[in-house]
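Scroll down for the structure; my scribbles are underneath it.
Because the structure is a prediction, the values reported are computed rather than measured. Naming: A, B, ... by sequence-line order, numbering from 1 per chain.
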There are 2 protein chains.
Amino acid sequence: MVITLKDVADQAGVSIATASLALNNSSKVKAETFRRVHQIAQKLNYIPNARAQALVKRATKTIGLIIPEMVNPFFAELTQAIKDTVIKESYNIILCCTDYKSEEEVKYINMFKSGQVDGAIFSCMGDLMQKNDEMVLDLAKNYIPVVYVERDSPNHQIIPIIKSDLKDGAYQATKYLIELGHREIGFVGQSSERMEGYRQCITQHQIALNQQFIFYNYITIEGGIAVGKKLLKLVQRPTALVCLNDEMAIGVIQALTHGGIQVPQDISIIGTDNIKISNFYNPPLTTINVPKIKMGKKAGNILLKLMAGQKLPVSEHYLLYPTELIIRQSTALLSR
Amino acid sequence: MVITLKDVADQAGVSIATASLALNNSSKVKAETFRRVHQIAQKLNYIPNARAQALVKRATKTIGLIIPEMVNPFFAELTQAIKDTVIKESYNIILCCTDYKSEEEVKYINMFKSGQVDGAIFSCMGDLMQKNDEMVLDLAKNYIPVVYVERDSPNHQIIPIIKSDLKDGAYQATKYLIELGHREIGFVGQSSERMEGYRQCITQHQIALNQQFIFYNYITIEGGIAVGKKLLKLVQRPTALVCLNDEMAIGVIQALTHGGIQVPQDISIIGTDNIKISNFYNPPLTTINVPKIKMGKKAGNILLKLMAGQKLPVSEHYLLYPTELIIRQSTALLSR
DNA sequence: TCATCCTTTTAAAACGTTTTAACTAATGTG
DNA sequence: CACATTAGTTAAAACGTTTTAAAAGGATGA
């Protein structure tokens, strides 16, 4: 039913070797033969078997992309950018969502080792997750090229890393809130690099770190809502919040608004990531932009290079992308 | 460097046939041999080569998923549901985003024909796109099982189809607006099944179809904003709108709010899809729920069945999932 | 006419598995 | 003891390509 190279060769009256050579545009075959083989292949609608090609070429023309979940605009946008880049070299993407579970990641690493993909991009996993760094390092050393995006690598020589300056982002956000007159500034998220930027900023501005104003939760809308509800019960509330991501910010705003507290009139809120919806939310979210598209493209391009067997210039082993404060309407001057 | 079956066989002192048999848990090998082979395999950290397995087994344990884009919560949620289903049988997903371009889809169809995937799920493509139905039919007839989701199939026997009742959804939405007292009801989107539900409902309720109140645009937030801006300029505005999806609804609301028109006080708006954010938007969106998760799971399960060589019961050739009106706060009684 | 050198073609090996059929050794049976 | 049966192992084929090395054919020149 499915046409194979043998069929083409038979009909063209040549050996499969010649047929293969012709179809791969070898200069060795006679013009006349070349023409005939191509014509027959076209007529029969011959499509080379990718599985056989993969075996002999030791490459599948696919890459693996590890992200925690798809239903998160940050990863969706990153994925899109990576896909747009690698498709130029005809690479396809195998989607590997871990649901924030280390064990899932391990399964995917083993799948990668089996030779299903020619390279892999690992994105961040949430800060509370157990890291599989040694396993990934083994993967990168002995199997396929690997690139990290927004995730720390134990060895930049082997696993290049593309990061955004989240610490500085949180610093900028906090600084802006301080400039707006806020002193009671909280942080919403998980323990992370971002929190460190927040911490540095307030201490530098002689504001004491108040553990009461630090709220841990899932980095989702639901997590934000949970934090918002907790805030409603508080006697003394912070006047401003820096959130780990835009989803949490939206959740917090939703819960607060529902409880009769206005944003930004009563409380200023800053998100992180600048996901698409944040610009169209009510109120439009002040947030920290992370150059997802740029980073995704860079990660894709670096992986393409590595898969092509090229060495990476030292300057590209660790790339830190600047983040940027985007001022919209979820923040306002402190009114007292 | 990479351990192969031959290495395991050599070290265990058996032939590769025996090694293979043992590792595939054949009952034919002696218990002692079985143990020895497994032990060596473990010690050497042997992982079977997926490319070789794919060739001989004529299967790659991957499926293709065709969607227009990732950066659209509807498809992200659908993707997640499909992935969660097929992963149970150890299938991975190759992500195929067409960017609403027919030519891209054609490329992916050819990739599928090359044997890179064992099955495929095709989702909708936007109503304005040229359809490749004949090509997909050929794919399904001669190559691999195919399932359609939210997309019309020319032959349900060969390509089963999972759909939601979008026409009824739009009907319900329009009916609800009429019940709220609205008579000047507009439709925002592309020409589609949904518009047909809207049309039927208003004519059934003796309301004349006003072409002025039908707004075509891209099915994105930006498309919605464009429509919103157009609405602002109108002398006589509709008092309610049914939107093709939630993104458009959000765009419309954003533009109108910006222009000083309140939702739902001045105008009622209903979306479609019930994407996650719609519940957390300000105002929370009244919308038509489409059971994405259920549909994705069903599509995954049907494809698994087909790939396992099972026949599909006739009752599952065409599945229409009911849609449901979710009343939130973007709609209100007509105030006159 | 024969050696030499291209050009073109092809047989065969390789990729790393699974699977079939054949083989060997051991066991059971009349 | 001869024969059939069973258990366990393995050689070899198969999957469908690409690639290498060898072969074949043709032209050139001495």
Would you indicate what R58(A) reaches in the nucleic acid, counting non-hydrogen atoms under 4.0 angstrom: base, sugar-phosphate, or nothing?
sugar-phosphate

Write down the distance between CG (N49(B)) and P (dA14(C)), rounded to a whole number of angstrom.
17 Å

So, does D118(B) use its side chain to make a donor-acceptor pair with the main chain of T60(B) at under 3.5 Å?
yes

Take atom CG of L21(B) and atom P of dA21(C), then tell me their distance rounded to the nearest Å.
14 Å

Hey, does the side chain of Q53(B) come within less than 4.0 Å of dG16(C)'s phosphate (OP1/OP2), counting only N and O?
no

Quick one: sort the F122(A) and Y148(A) rings into parallel, tilted or perpendicular, breaks at 30° and 60°.
tilted

What's S20(A) touching, base or sugar-phosphate or nothing? Going by heavy atoms closer than 4.0 Å.
base

Please pick, from dA11(C), dG16(D), dT10(D), the nucleotide with the shortest atom-to-atom distance to any side-chain atom of T18(B).
dT10(D)

So which one's nearest nucleotide on DNA chain D is more toward 5', R36(B) or A17(A)?
R36(B)

Between H156(A) and I161(A) (side chain of the first, backbone of the second, donor and acceptor by atom type, cut-off under 3.5 Å), is there such a pair?
no

Would you indicate, yes or no, if dT18(C) has its OP1 or OP2 atom less than 4.0 angstrom from a side-chain nitrogen or oxygen of N24(B)?
yes

Both V56(B) and K28(B) contact DNA chain C. Which one's nearest nucleotide lies toward the 5' end?
V56(B)

Using whole Å, report how far CD1 of I16(A) lies from C1' of dA11(C).
9 Å

Provide, to the nearest angstrom, the distance between the CD1 atom belonging to I3(B) and the P atom belonging to dC15(C).
15 Å

Considering only heavy side-chain atoms of A52(A), the closest of dA21(D), dT18(D), dG16(D) is dG16(D)

Under 4.0 Å from OP1 or OP2 of dG8(D): is there any side-chain N or O of T33(B) that close?
no

